[in-house]
Amino acid sequence: MDNIFKQQLAGLDLSGLTISNSPFTSADFPAQDAISQTLEAVWSDLFAVFTDTALEADAEDLGWGFVNLFHRAAQRKSKQLDRASDEVRALIASADGSEVHTSNLEEQIERAQAAEASMVAFEEMREVAAALYLDETHSSWKPVSSSRANHGAMLTSAVIQGRDFLKARSQSRRKALMPEGTPIIFAGGRTKQDCTEDAKAFANNVWATLDKVHNSVADIVLIHGGDGKGADRLAASWAERRGVAQLTFSLDRHLGARAGFKRNEQMLGLAPRYVIAFPGNGVLERLVIEAKRRRITVVDRRGPLGVSPKTKPADKDS
């Protein structure tokens, strides 16, 4: 359960120190079946209270907060792990071979192992709750301003913020913030459809396009803007269902009108295999132009209801 900390220790000079096993094992935490059954029961009872009441419209926000409880608990354990890891590195750097120093080092290592095991356990609970959220709202759950790393599942369903990814890459820190795979950019705006049938057709075209690309690129890492509405939301839900890691580049509002172009630059800087383009604004058009200039293949779906612009109206249903 404590693979990340072991990787950190492997790169340090431990001067012959023998590292004991983690103070916790999987048997010390709630079983996966128990977690799933309990959270499903709580979720079902909670939302049954709001169904057909004046508070039903607020159910999605409450569901988001329910998942966030476990995410925040995992974050607290992650910070404890970071502090203990820093202390371990400091103690190793100042090693004097004394019994007191060795005892302090062993204590900090054990503290780091315990924090990591608890962090992974809380992340597993969050993932169960996030799956319930997806089923209820048809939307991928993601935190407001942090990454949703999933250490125990090797980044499956992870949602990593672009700023965290770029920082991790510059520091050569792979850990859970460096999804390995083939980058695929997805871009699309908030388009309003004329009717429910058109909205469903658009959503189906988004998923069908992503499935087609995924069939060609098995190790896809989906890169998008992380917008909670419109095409990004559809793409995020697809990635969640398919167990695909997501890398989201939110707009930096401090850049004003340049924010969208800066995001384009960051995403294209990852050398994606494809850019999947659905209808959007002028910033998206510039993304397509720049991708073609860099000889990146563009899967163009900017036509009506998310079809290829080359599709003739008579062929739209084919």
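Computed from a prediction, not measured in an experiment: that's the story for all the values here.
- Looking at T137, its side chain never comes within 3.5 Å of a backbone N or O of E60 through a donor-acceptor pair.
- Taking 4.5 Å as the limit, some side-chain heavy atom of E136 sits within range of a side-chain heavy atom of W43.
- Once rounded to the nearest 0.5 Å, the distance linking NZ of K229 with OG1 of T191 reads 13.5 Å.
- Checked for salt-bridge contact, D135 and R241 meet the test: a charged N lies under 4.0 Å from a carboxylate O.
- When hydrophobic clusters are built by joining Ile, Leu, Val, Met, Phe, Trp and Tyr residues whose side-chain heavy atoms come closer than 4.5 Å, directly or via intermediates, V275 is not grouped with V283.
- S237 and S139 get closest at one heavy-atom pair: OG-CA, 3.3 Å.
- Between R293 and E290, the closest side-chain pair of non-hydrogen atoms falls below 4.5 Å.
- Without hydrogens or angle criteria, W141 side chain to L134 main chain gives no donor-acceptor distance under 3.5 Å.
- Taking the side chain as every heavy atom from C-beta outward, P30 and M125 approach each other to under 4.5 Å.
- We find that E197 and K200 are not joined by a salt bridge, their nearest charged nitrogen and carboxylate oxygen being 4.0 Å or further apart.
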Determine, stepwise, if the pair R83 / E87 fulfils salt bridge (Lys or Arg N to Asp or Glu O under 4.0 Å).
CA-CA 6 Å; R83 288 194 295 268; E87 185 64 24; over 6 Å; no

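- Checking each of L39, D33, I35 against Q37 for a side-chain contact (heavy atoms from CB on, under 4.5 Å) leaves exactly one that passes, namely D33.
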Under the side chain to side chain contact (heavy atoms under 4.5 Å, CB included) rule, what do R126 and V67 come out as? Steps first, then yes or no, please.
CA-CA 6 Å; R126 180 200 63 200; V67 184; 3.8 Å; yes

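- Note that the CD atom of E127 and the NE2 atom of H71 stand 10.0 Å from one another [nearest 0.5 Å].
- Proximity of L270 to F249: side-chain heavy atoms (C-beta onward) are separated by under 4.5 Å at one or more points.
- D194 approaches D198 most closely through the heavy-atom pair CB-OD2, 3.8 Å.
- Of all the heavy atoms in F278 and G306, the pair that sits closest is CE2-O, 3.4 Å.
- Side-chain contact check for V42 versus F66: some heavy-atom pair is nearer than 4.5 Å.
- Linking Ile, Leu, Val, Met, Phe, Trp and Tyr residues whenever their side-chain heavy atoms come within less than 4.5 Å places F70 and L46 in a single cluster.
- To the nearest 0.5 Å, the span separating CD1 on I184 from CD1 on I276 amounts to 6.5 Å.
- Between E285 and R302 a salt bridge is recorded (basic side-chain N to carboxylate O distance below 4.0 Å).
- The CE atom of M267 sits 10.5 Å away from atom OG1 of T248, with the distance rounded to the nearest 0.5 Å.
- Residues R301 and S308 come closest through the heavy atom pair CD-N, 3.8 Å.
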Apply side chain to side chain contact (heavy atoms under 4.5 Å, CB included) to the pair V213 and F186, showing each step before the final yes or no.
CA-CA 11 Å; V213 173; F186 177 91; over 6 Å; no

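- No donor-acceptor distance shorter than 3.5 angstrom exists from the side chain of S44 to the backbone of E40, with no hydrogens or angles considered.
- Cluster membership check: V128 shares its hydrophobic cluster with F47, using side-chain heavy-atom separations under 4.5 Å among Ile, Leu, Val, Met, Phe, Trp and Tyr.
- For the residue pair A112 and L81, the shortest heavy atom distance occurs at O-CD1, 3.4 Å.
- Side-chain atoms of N281 do not come within 3.5 Å of backbone N or O of G189 as any donor-acceptor pair.
- In this structure, E56 contributes its side chain and D52 its backbone to a donor-acceptor pair below 3.5 Å.
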Under the side chain to side chain contact (heavy atoms under 4.5 Å, CB included) criterion, do V206 and W238 qualify, and how do the steps go?
CA-CA 9 Å; V206 169; W238 173 88; 5.9 Å; no

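- Residues R148 and S140 meet the side-chain proximity criterion, which asks for heavy atoms closer than 4.5 Å.
- A donor-acceptor distance shorter than 3.5 angstrom exists from the side chain of S118 to the backbone of A114, with no hydrogens or angles considered.
- For K77 (side chain) and F122 (main-chain N/O), no donor-acceptor pair under 3.5 Å exists by modelled atom type.
- D252 has no carboxylate O lying under 4.0 Å from a charged side-chain N of K262, or vice versa, which leaves the two without a salt bridge.
- Within the 3.5 Å criterion, the main-chain N or O of P309 finds no donor-acceptor partner in the side chain of D300.
- Residues I289 and I185 do not share a hydrophobic cluster, clusters being chains of Ile/Leu/Val/Met/Phe/Trp/Tyr side chains in contact below 4.5 Å.
- Considering all non-hydrogen atoms of both residues, G181 and V221 come closest at CA-CG2, 3.9 Å.
- At a threshold of 4.5 Å between non-hydrogen side-chain atoms, the residues R273 and P183 do not count as touching.
- Applying salt bridge (charged side-chain N to carboxylate O under 4.0 Å, His left out) to D227 and the options R190, K142, R233 leaves one that passes, R190.
- Side-chain heavy atoms closer than 4.5 Å link hydrophobic residues (I, L, V, M, F, W, Y) into clusters, and following such links, possibly through other members, connects W207 to L222.
- From N204, atom CG reaches atom OG1 of T209 across 10.5 Å, with rounding to the nearest 0.5 Å.
- Residues H214 and V244 have side chains in contact (heavy-atom distance under 4.5 Å, counting atoms from C-beta outward).
- Counting non-hydrogen atoms of neighbouring residues, nucleotides and ligands closer than 6.0 angstrom, the CZ atom of R72 reaches no more than 12 such neighbours.
- A distance-only check finds no donor-acceptor pair linking the side chain of W64 to the backbone of Y133 [under 3.5 Å].
- In this structure, Q75 CD and Q80 CD are separated by 12.5 Å, a value rounded to the nearest 0.5 Å.
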